[in-house]
Asker: 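Have a look at this one.
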Amino acid sequence: MKRVSTRLGELDCQVVEAMAEGTSPELAVVLCHGFGAPATDLVPLAQELVELKPELGTKVRFVFPAAPLSLSAMGMPYARAWFHLPQEVLMGRERNWDQYALSTPEGLAQARRGLMSLLSALSAATKLPYGRIVLGGFSQGGMVTTDVALRLEEAPAGLCILSGTVICQDQWKQRAEKRKSLPVLQSHGRYDDILAFSQAERLHKLLTEAGLPVEFIPFNGPHTIAPDVLERLAEFLHTRLTSR
């Protein structure tokens, strides 16, 4: 597969595809990495997804943006973040999940703006409407893409929340009621010690009660993307590709 480093809107990106020269994508997939990961963390997923569903390789453009914040000041020179996390989360201390679910994290507005600028540039470059772009991400990447998916003027083709959690709960609940046709794939490990499984259930309840069709995949594992989740993600993307 061909991989190119480029800038879309306000964000640096890795773009991966295997389409023939001069061919336009029929679907675009934007996947955002989590807090503390390098910008290229999720790039290998493109090859793995194509191996599971080869048709994705000939018709889909994968985009992996780098989060705007550098964590080099924390001693992690290659680590990036979409927004800052509270000290108790960083230190792994007991968290008040009710309070965190209601909060609007510092820097979220800037991350949202950056991701929206990427989507605008991607749509213009590919001639694809937002309804042919799937949004998703892991952990913090899943949180920022959920926020954006619920705020765009036009709903994206789908939303993939991989080990994410609830923030901006009241705003998300209100906006989710206007996204009843948005298909969602959500996964979370039952033994996740970073973002509690109970909060994934809370997010699932918020979305389903608002009327969104959510495929929820719990698995017996930690804060990760399980192999069966990757298989379901490939199926989810293939369905989005073939749906019109």
Asker: When you compare the side chain of Ile225 with that of Leu45, does any pair of heavy atoms fall below 4.5 Å?
Answerer: yes
Asker: What are the two closest non-hydrogen atoms of Asn220 and Arg190, and how far apart are they?
Answerer: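 Taking every non-hydrogen atom into account, OD1-NH1, 2.9 Å.
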Asker: Restricting to non-hydrogen atoms, name the atom on Ala66 and the atom on Ala39 that form the minimum distance, rounded to 0.1 Å.
Answerer: CB-CB, 3.4 Å
Asker: Sub-3.5 Å donor-acceptor pair from the side chain of Arg132 to the main-chain atoms of Glu26, do we have one?
Answerer: yes
Asker: Would you check if the side chain of Ser163 reaches a backbone N or O of Thr224 as a donor-acceptor pair within less than 3.5 Å?
Answerer: yes
Asker: What's the shortest heavy-atom distance between Val144 and Arg112, and which atoms?
Answerer: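 Reported closest heavy-atom pair: CG2-N, 4.4 Å.
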Asker: About how many Å separate CG of Leu230 and CG of Leu49, when rounded to the nearest 0.5 Å?
Answerer: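 With rounding to 0.5 Å, CG (Leu49) is 5.0 Å from CG (Leu230).
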Asker: Has the side chain of Ser120 got a donor or acceptor atom that lies under 3.5 Å from a matching backbone atom of Ser117?
Answerer: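 Not confirmed, Ser120 side chain does not pair with Ser117 backbone.
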Asker: Verify, without hydrogens or angle tests, whether Thr145 (side chain) and Gly142 (backbone) share a donor-acceptor contact under 3.5 angstrom.
Answerer: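 Present.
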Asker: Just verifying a value: how many Å separate Asp170 CG and Ser103 OG, rounded to the nearest 0.5 Å?
Answerer: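 Here the rounded value is 11.0 Å.
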Asker: With a 4.5 Å cut-off on side-chain heavy atoms, are Pro129 and Ser123 touching?
Answerer: no
Asker: Begin from the C-alpha positions of Leu69 and His84 and carry the test side chain to side chain contact (heavy atoms under 4.5 Å, CB included) through to its verdict.
Answerer: CA-CA 8 Å; Leu69 301 178; His84 295 290; 3.8 Å; yes
Asker: Between Gln140 and Ala81 (side chain of the first, backbone of the second, donor and acceptor by atom type, cut-off under 3.5 Å), is there such a pair?
Answerer: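 Side chain of Gln140 to backbone of Ala81, a donor-acceptor pair under 3.5 Å: no, none is there.
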Asker: One pair to check against side chain to side chain contact (heavy atoms under 4.5 Å, CB included): Tyr100 and Gln199. What are the steps and the verdict?
Answerer: CA-CA 10 Å; Tyr100 191 67; Gln199 293 307 101; over 6 Å; no
Asker: Would you say the side chains of Ser5 and Gln14 form a donor-acceptor pair under 3.5 Å?
Answerer: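 Result is yes, a qualifying pair exists.
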Asker: Going only through I, L, V, M, F, W and Y residues with side-chain contacts under 4.5 Å, is there a path from Val166 to Leu108?
Answerer: yes
Asker: Supply the atom-to-atom distance Thr23 OG1 to Arg61 CZ, rounded to the nearest 0.5 angstrom.
Answerer: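 Answer rounded to 0.5 Å: 10.5 Å.
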Asker: Could you check whether Arg240 makes a cation-pi contact with Phe236, meaning its NZ or CZ is under 6.0 Å from the centre of the six-membered ring and within 45° of the ring axis?
Answerer: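 Judged by the rule (NZ or CZ under 6.0 Å from the ring centre, within 45° of its axis), Arg240 counts as positioned above Phe236.
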Asker: For residues Leu212 and Ala176, report the shortest heavy-atom separation together with the two atoms involved.
Answerer: CD1-O, 3.1 Å
Asker: Apply salt bridge (charged side-chain N to carboxylate O under 4.0 Å, His left out) to residues Lys53 and Glu235 and explain how you reach the verdict.
Answerer: CA-CA 7 Å; Lys53 282 290 181 181; Glu235 291 279 358; 3.6 Å; yes
Asker: Which heavy atom in Ala28 sits nearest to a heavy atom in Leu122, and how many Å separate them?
Answerer: CB-CD2, 3.9 Å
Asker: Could you grab the distance from atom CZ of Arg80 to atom CG of Leu11, nearest 0.5 Å is fine?
Answerer: 9.5 Å
Asker: Side chain to side chain contact (heavy atoms under 4.5 Å, CB included) between Met116 and Val148: does it pass, once the steps are laid out?
Answerer: CA-CA 7 Å; Met116 285 184 168; Val148 168; 4.1 Å; yes
Asker: Just so I know, are the side chains of Ser139 and Leu162 near enough to count as touching, which here means a heavy-atom distance under 4.5 Å?
Answerer: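 The answer is no; the side chains never approach within 4.5 Å.
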Asker: Are Met1 and Phe64 linked, directly or through intermediate hydrophobic residues, by side-chain heavy-atom contacts shorter than 4.5 Å (ILVMFWY only)?
Answerer: yes
Asker: Do Leu27 and Ile133 make a side-chain contact, defined as non-hydrogen atoms from C-beta onward lying under 4.5 Å apart?
Answerer: no
Asker: Within this structure, what is the CD-CD distance for the pair Glu177 and Glu209, rounded to the nearest 0.5 Å?
Answerer: 10.0 Å
Asker: Taking the side chain as C-beta and beyond, is there a heavy-atom pair between Glu153 and Tyr130 under 4.5 Å?
Answerer: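 No, their side chains stay 4.5 Å or more apart.
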Asker: Please determine whether a side-chain nitrogen of the Lys or Arg among Glu215 and Arg232 lies less than 4.0 Å from a carboxylate oxygen of the Asp or Glu.
Answerer: yes
Asker: Check whether Phe138 and Leu52 end up in the same hydrophobic cluster, where Ile, Leu, Val, Met, Phe, Trp and Tyr are linked by side-chain heavy atoms less than 4.5 Å apart.
Answerer: yes
Asker: Is there a donor-acceptor pair closer than 3.5 Å between any side-chain N or O of Trp82 and the backbone N or O of Gly107?
Answerer: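 Judged by distance alone, no pair lies under 3.5 Å.
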Asker: So which heavy atom on Trp97 is nearest to which on Thr165, and how close?
Answerer: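 That would be CZ3-OG1, 4.4 Å.
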Asker: Give, for atom CD1 of Ile161 and atom CG of Leu207, the distance between the pair rounded to the nearest 0.5 Å.
Answerer: 5.5 Å
Asker: Mind checking what makes ring pair (Phe, Tyr, Trp, His ring centres under 6.0 Å) contact with His204, not counting sequence neighbours?
Answerer: Phe216
Asker: Looking at Lys205 and Glu201, is any side-chain nitrogen of the basic one under 4.0 Å from a carboxylate oxygen of the acidic one?
Answerer: no
Asker: If only atom types and distance count, is the side chain of Thr126 paired as donor or acceptor with the main-chain N or O of Leu128 below 3.5 Å?
Answerer: yes
Asker: Could you go step by step and tell me if Val63 and Val29 meet the side chain to side chain contact (heavy atoms under 4.5 Å, CB included) rule?
Answerer: CA-CA 6 Å; Val63 179; Val29 177; over 6 Å; no
Asker: Going by heavy atoms in the side chains, are Glu10 and Leu118 under 4.5 Å from each other?
Answerer: no
Asker: Looking at side-chain heavy atoms only, is the closest gap between Phe62 and Val43 below 4.5 Å?
Answerer: no
Asker: For atom CD of Glu51, is the number of surrounding heavy atoms from other residues, nucleotides or ligands below 6.0 Å larger than 12?
Answerer: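 Yes.
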Asker: Looking at Ser70 and Ser72, would you say the former's side chain and the latter's main chain have a donor-acceptor pair under 3.5 Å?
Answerer: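 Yes, because the side chain of Ser70 sits within donor-acceptor range (under 3.5 Å) of the backbone of Ser72.
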Asker: Check whether Leu195 and Val184 end up in the same hydrophobic cluster, where Ile, Leu, Val, Met, Phe, Trp and Tyr are linked by side-chain heavy atoms less than 4.5 Å apart.
Answerer: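 In one cluster with Leu195: Val184, yes.
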Asker: For the backbone of Ala200 and the side chain of Gln186, can you confirm whether one donor and one acceptor N or O come within less than 3.5 Å of each other?
Answerer: yes
Asker: Are the side chains of Val60 and Val134 in touch, meaning some heavy atoms are under 4.5 Å apart?
Answerer: no
Asker: Judged by atom type as modelled, is there a donor-acceptor pair below 3.5 Å linking the side chain of Lys180 to the main-chain atoms of Ala210?
Answerer: yes
Asker: Hydrophobic cluster membership, with links at side-chain heavy-atom distances under 4.5 Å among I/L/V/M/F/W/Y: are Met19 and Leu56 in one?
Answerer: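 No.
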Asker: Tell me, with the steps shown, if Arg202 and Asp98 meet salt bridge (charged side-chain N to carboxylate O under 4.0 Å, His left out).
Answerer: CA-CA 10 Å; Arg202 181 177 190 153; Asp98 289 336; 2.7 Å; yes
